[in-house]
Amino acid sequence: MKKSMPEPSKISPTAKMVAYWRQFSDVPFAQDVARLVRADEVFEDFLKHTSTSSEHTAWFAPMIEARYKSMVQAIRQKNIKQVLELASGVSLRGLAMTMDPEMIYVETDLPGMSEEKIAVVRQIREQQNIPERSNLFFREVNVLERKQMEEAVEPFFESRPIAVIHEGLFQYLSLEEKKIAATHIHLILKRFGGVWMTPDLNTVEDIEQRWQHSDAMKQLTDSIKTVTGRDFRKSAFQSEAHIQEFFEALGFELQAFPQIAPGLKLTSVEKLNLPQETVSSYAAHLKIWSLTVKSNN
Ligand SMILES: C[S@@+](CC[C@H](N)C(=O)[O-])C[C@H]1O[C@@H](n2cnc3c(N)ncnc32)[C@H](O)[C@@H]1O
């Protein structure tokens with residue numbers, strides 16, 4: 001019998017670890033969120049399983065900032081005004097992007113995380129006098145559950161395209177789980193039209209390159225494995241050809257773009273006094289994948 005994967009809710013604390021690094025950037029609400037969810041404490045808990053220090057993991061901050069900003073830039077470039085964000089954790093891109101009254105944004109995550117996010121958003125709105133947004137929705141969604149995915153898109157207009165996005169989700173899913181989630185996204189995109197965009201499609205080589213770049217990152221990946229039971233390397237694609245084959249077989253067309261597009265400024269580099277050249281040379285490899293439904297599917 002096939003061994004089942006560990007409970008996905010074990011992955012949820014990683015959202016607060018990401019929030020820890022995002023606080024060193026100018027991403028909207030990042031400092032408020034880090035404070036409210038006590039991201040420093042969660043980060044320290046992950047660090048406890050390693051022999052590294054927070055200083056050695058600092059270069060991860062611009063990577064998290066880059067992926068957040070690259071997704072915002074990608075949505076704007078496509079001029080899509082309906083966004084379904086999967087596994088959004090405690091990132092408040094929905095609150096930031098719904099300043100545009102034409103935008104309809106649905107943020108989703110697993111039940112516990114989603115509940116916590118709603119509470120954080122409420123507190124920030126109260127503290128900063130931000131009125132409730134009728135164009136911002138929160139839904140509890142496990143991406144492996146088709147019904148929950150279908151219900152999440154109810155706020156959207158059927159006549160308009162949507163962007164399905166996520167950052168920091170697919171790394172945690174096994175290949176079998178990636179296939180299930182991709183099938184659900186395919187169904188949704190077929191109905192609305194639009195595009196699926198994510199920085200999350202990693203190859204084994206990407207991961208090994210990251211580990212060569214920083215031993216601290218290898219240690220943190222091991223710590224994530226201990227806490228979540230998920231193994232990034234084991235769940236990664238073998239190569240870019242494997243990525244292409246995998247998603248083409250599921251009825252998608254794929255394209256890859258550099259994450260760091262001209263004009264994208266990473267403020268955490270200066271704030272943390274990181275060597276700009278090292279960050280730039282590493283960041284040059286980072287990609288966003290853009291997937292659309294093949295015309296005959
Ligand atoms: C590393 S965090 C990323 C959060 C957010 N995207 C960010 O960048 O801050 C991973 C997120 O995936 C969520 N997650 C894990 N498995 C999931 C699943 N099967 N369905 C939906 N969300 C899931 C977790 O709850 C967690 O919030």
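Just so you know, ligand 1 is whichever comes first in the structure, and atom 1 is the first atom listed for that ligand.
Residues R133 and Y105 have side chains that never bring a donor and an acceptor to within less than 3.5 angstrom of each other. Side-chain contact of H166 with D200: a donor-acceptor pair under 3.5 Å is present, judged by distance alone. For the residue pair D32 / Q123, no side-chain donor-acceptor distance below 3.5 Å is found, with atom types taken as modelled. There is no side-chain donor-acceptor pair under 3.5 Å between E85 and T108. A donor-acceptor contact closer than 3.5 angstrom is absent between the side chains of E205 and T203.
Atom numbering of ligand 1 starts at 1 in the shown order; those under 4.0 Å from a heavy atom of Y172 are 1 (C). Near R67, the atoms of ligand 1 lying under 4.0 angstrom from a non-hydrogen atom of the residue are 8 (O). Distances below 4.0 Å separate heavy atoms of V141 from the following atoms of ligand 1: 20 (N), 21 (C). Within the listing of ligand 1, atoms 15 (C), 16 (N) sit less than 4.0 angstrom from a heavy atom of I11. Remark: ligand 1 atoms within the under-4.0 Å shell around heavy atoms of P8 are 16 (N), 19 (N).
With a 4.0 Å heavy-atom cut-off, ligand 1 is reached by the side chain of M113 but not by its N, CA, C or O. The proximity of R22 to ligand 1, defined as any non-hydrogen pair under 4.0 Å, is limited to the side chain. Contact annotation for S88 and ligand 1: only backbone heavy atoms (N, CA, C, O) come within less than 4.0 Å of the ligand.
Proximity of a side-chain donor or acceptor of E65 to a complementary backbone N or O of T267 within less than 3.5 Å is detected.
Using a 4.0 Å cut-off between a side-chain N of Lys or Arg and a carboxylate O of Asp or Glu, K287 and E240 qualify as a salt bridge.
Applying the 6.0 Å contact sphere to CD of E277 captures no more than 12 heavy atoms from other residues, nucleotides or ligands.
For K178 and Y172, the positive end is not near the middle of the six-membered ring at less than 6.0 Å and at most 45° from its axis.
For atom 4 (C) of ligand 1, the candidate residues are A87, G112, G168, S91; the nearest heavy-atom contact is made by A87. Which of I165, V143, D200, L173 comes nearest to atom 20 (N) of ligand 1 through a heavy atom is settled by distance: it is V143. Remark: among candidates I224, I180, L169, the nearest residue to atom 14 (N) of ligand 1 is L169, based on non-hydrogen atoms.
With ring centers used as reference points, W196 lies under 6.0 Å from F252.
Closest to atom 19 (N) of ligand 1 among all protein heavy atoms lies N142 OD1, 2.9 Å. Among all protein heavy atoms, the one lying closest to atom 13 (C) of ligand 1 is D109 OD1, 3.5 Å. Remark: minimum distance from atom 1 (C) of ligand 1 to any protein heavy atom is reached at T14 OG1, 3.1 Å.
Of the N or O atoms in E167, one or more lie within a sub-3.5 Å distance of an N or O in ligand 1.
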